[in-house]
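Report on the structure given below.
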Amino acid sequence: MKPLSSRCHMKAQWTIPVVCLHSLYIAILVGVTAAVHHIEFRFDELKDLWRGILVSVVSIAVWVTAYILNEIYDNISWIEVASRFLLLVVASILVVAFFSISSSQPLLSQISLRRRESREFRTMSQALGIPDSGVLAESEPISRIDPNEPLDKLLLNKRFRQSFMAFADSCLAGESVHFFDEVYELSKIPEDDCVKRIYMARHIIEKYIVAGAAMEVNISHRSRQEILSTSNLTRPDLFHNALNEIIQLMRTNLARDYWSSMFFLKFQEDSNVRSNEYELEQITGWNFSPRLSSVHGTDDPFHQDHLLKSSGCSNDTTNL
């Protein structure tokens with residue numbers, strides 16, 4: 001019930017600088033957030049920053065309002081109690097609690113009492129969930145390979161690409177084919193999926209482009225600097241020039257030796273076997289036993305059995 005004491009109450013000459021200091025903090029936070037707004041964060045940290053800025057602005061507005069009420073209506077007790085309570089809660093507890101909860105969410109999402117299944121991926125494309133990446137499927141289409149076709153077109157065939165990659169690895173020159181494979185997987189990611197494209201592009205740069213990388217490819221200095229100095233990792237043509245140089249390098253150093261290697265002979269043999277099996281399946285069909293594939297019509301016991309069942313069903317239907 002006593003009036004405010006000058007010893008425990010800041011005057012206006014102290015209050016205004018304190019409010020300006022808080023406002024400067026919010027202005028800096030807005031500037032930093034605006035500078036990084038184009039970055040795709042994993043846990044929506046950008047949204048948390050904007051939310052924190054909003055809460056801070058509202059807190060300062062409530063704080064200033066409570067301070068003004070405390071100064072003007074110093075003779076009304078309930079206003080003094082309410083304003084001082086708002087000053088205490090808004091200026092300290094609310095802001096600290098909000099930022100603590102916001103910054104702890106990414107950590108809490110990684111900590112779980114339940115044991116998670118560990119999944120290992122052989123390639124970055126598998127980790128990002130790019131379709132048709134990884135091992136060959138049994139339903140992979142069969143196509144004949146013509147050595148006279150351009151190498152870049154042949155490498156679009158997954159089976160041929162893996163055979164060519166195995167040959168290049170045996171020659172200790174597999175980084176070029178691996179680079180082509182990773183860039184091809186990058187091209188499958190939609191252009192509007194910026195997060196996956198950035199992750200894949202960074203992986204390719206760190207693995208193949210950076211000087212001294214584990215599988216550094218042999219490209220010109222101009223193409224390398226063009227990739228390293230770019231500010232937009234989602235560009236569809238980011239690796240276009242480097243890829244053209246790599247294809248020319250493979251065409252010169254690897255393609256001629258591959259056509260006369262055992263890897264190509266094995267690839268041809270496997271392709272012929274798979275092609276014959278596919279043609280056999282088309283001829284015999286799926287409804288006949290492989291051991292009786294040459295038996296058709298009335299000589300086929302399964303066919304007769306099927307006709308008896310069909311006639312029995314039709315007779316039953318007629319009786320009904």
Say you draw a straight line from [atom1] of [X] to [atom2] of [Y]; how long is it, rounded to the nearest 0.5 Å?
X: Gln225; Y: Ile209; atom1: CD; atom2: CD1; value: 11.0 Å
X: Leu151; Y: Lys153; atom1: CG; atom2: NZ; value: 12.5 Å
X: Ile227; Y: Leu233; atom1: CD1; atom2: CG; value: 10.5 Å
X: Asp169; Y: Phe263; atom1: CG; atom2: CZ; value: 8.5 Å
X: Leu29; Y: Trp50; atom1: CG; atom2: CH2; value: 8.5 Å
X: Ser176; Y: Tyr208; atom1: OG; atom2: OH; value: 10.0 Å

(request) Please test Leu155 against Met250 for side-chain contact (heavy atoms from CB on, under 4.5 Å), starting from the C-alpha separation and ending with a verdict. (result) CA-CA 11 Å; Leu155 287 173; Met250 290 189 294; 3.6 Å; yes
Is the backbone of [Y] close enough, under 3.5 Å, to the side chain of [X] for a donor and an acceptor to pair up by distance?
X: Ser163; Y: Arg159; result: no
X: Arg161; Y: Asp181; result: no
X: Glu269; Y: Leu265; result: no
X: Glu245; Y: Ser220; result: yes
X: Asn272; Y: Gln268; result: yes

(request) Answer yes when Arg224 and Glu216 have at least one side-chain N-carboxylate O distance shorter than 4.0 Å, and no when they do not. (result)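 So Arg224 pairs with Glu216 through a salt bridge.
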(message) Under a 4.0 Å threshold between the charged nitrogen and the carboxylate oxygen, would Lys266 count as salt-bridged to Asp270?
(response)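 Here Asp270 pairs with Lys266 in a salt bridge, since their nearest N and O are under 4.0 Å apart.
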(request) Decide side-chain contact (heavy atoms from CB on, under 4.5 Å) for Arg197 and Met200; before the verdict, give the C-alpha distance in whole Å, the side-chain angles of both, and the deciding distance to 0.1 Å. (result) CA-CA 5 Å; Arg197 292 190 68 88; Met200 193 67 183; 5.9 Å; no
(request) Kindly determine whether Thr230 and Arg235 satisfy side chain to side chain donor-acceptor pair (under 3.5 Å), including the steps that lead there. (result) CA-CA 9 Å; Thr230 185; Arg235 284 170 40 202; 3.2 Å; yes
(message) More than 12 heavy atoms of other residues, nucleotides or ligands under 6.0 Å from CZ of Arg256: yes or no?
(response)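 Counting neighbours around CZ of Arg256, 12 or fewer heavy atoms of other residues, nucleotides or ligands fall under 6.0 Å, so no.
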(message) I need the single residue from Tyr258, Phe180, Phe167 that forms a ring-ring contact (aromatic ring centres under 6.0 Å, His included) with Phe160. Which is it?
(response)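 Checked Tyr258, Phe180, Phe167 against Phe160; only one passes ring-ring contact (aromatic ring centres under 6.0 Å, His included): Tyr258.
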Minimum heavy-atom distance between [X] and [Y], given as atom pair plus value:
X: Leu238; Y: Ala201; value: CD2-CB, 4.1 Å
X: Phe264; Y: Pro147; value: CZ-CG, 4.3 Å
X: Ala168; Y: Leu254; value: CB-CD1, 3.9 Å
X: Asn241; Y: Ser223; value: CB-OG, 3.9 Å

Under a single-linkage definition using a 4.5 Å side-chain heavy-atom cutoff for Ile, Leu, Val, Met, Phe, Trp and Tyr, are [X] and [Y] assigned to the same hydrophobic cluster?
X: Leu249; Y: Met215; value: no
X: Val32; Y: Ile26; value: no
X: Tyr199; Y: Leu228; value: yes
X: Leu172; Y: Val217; value: no

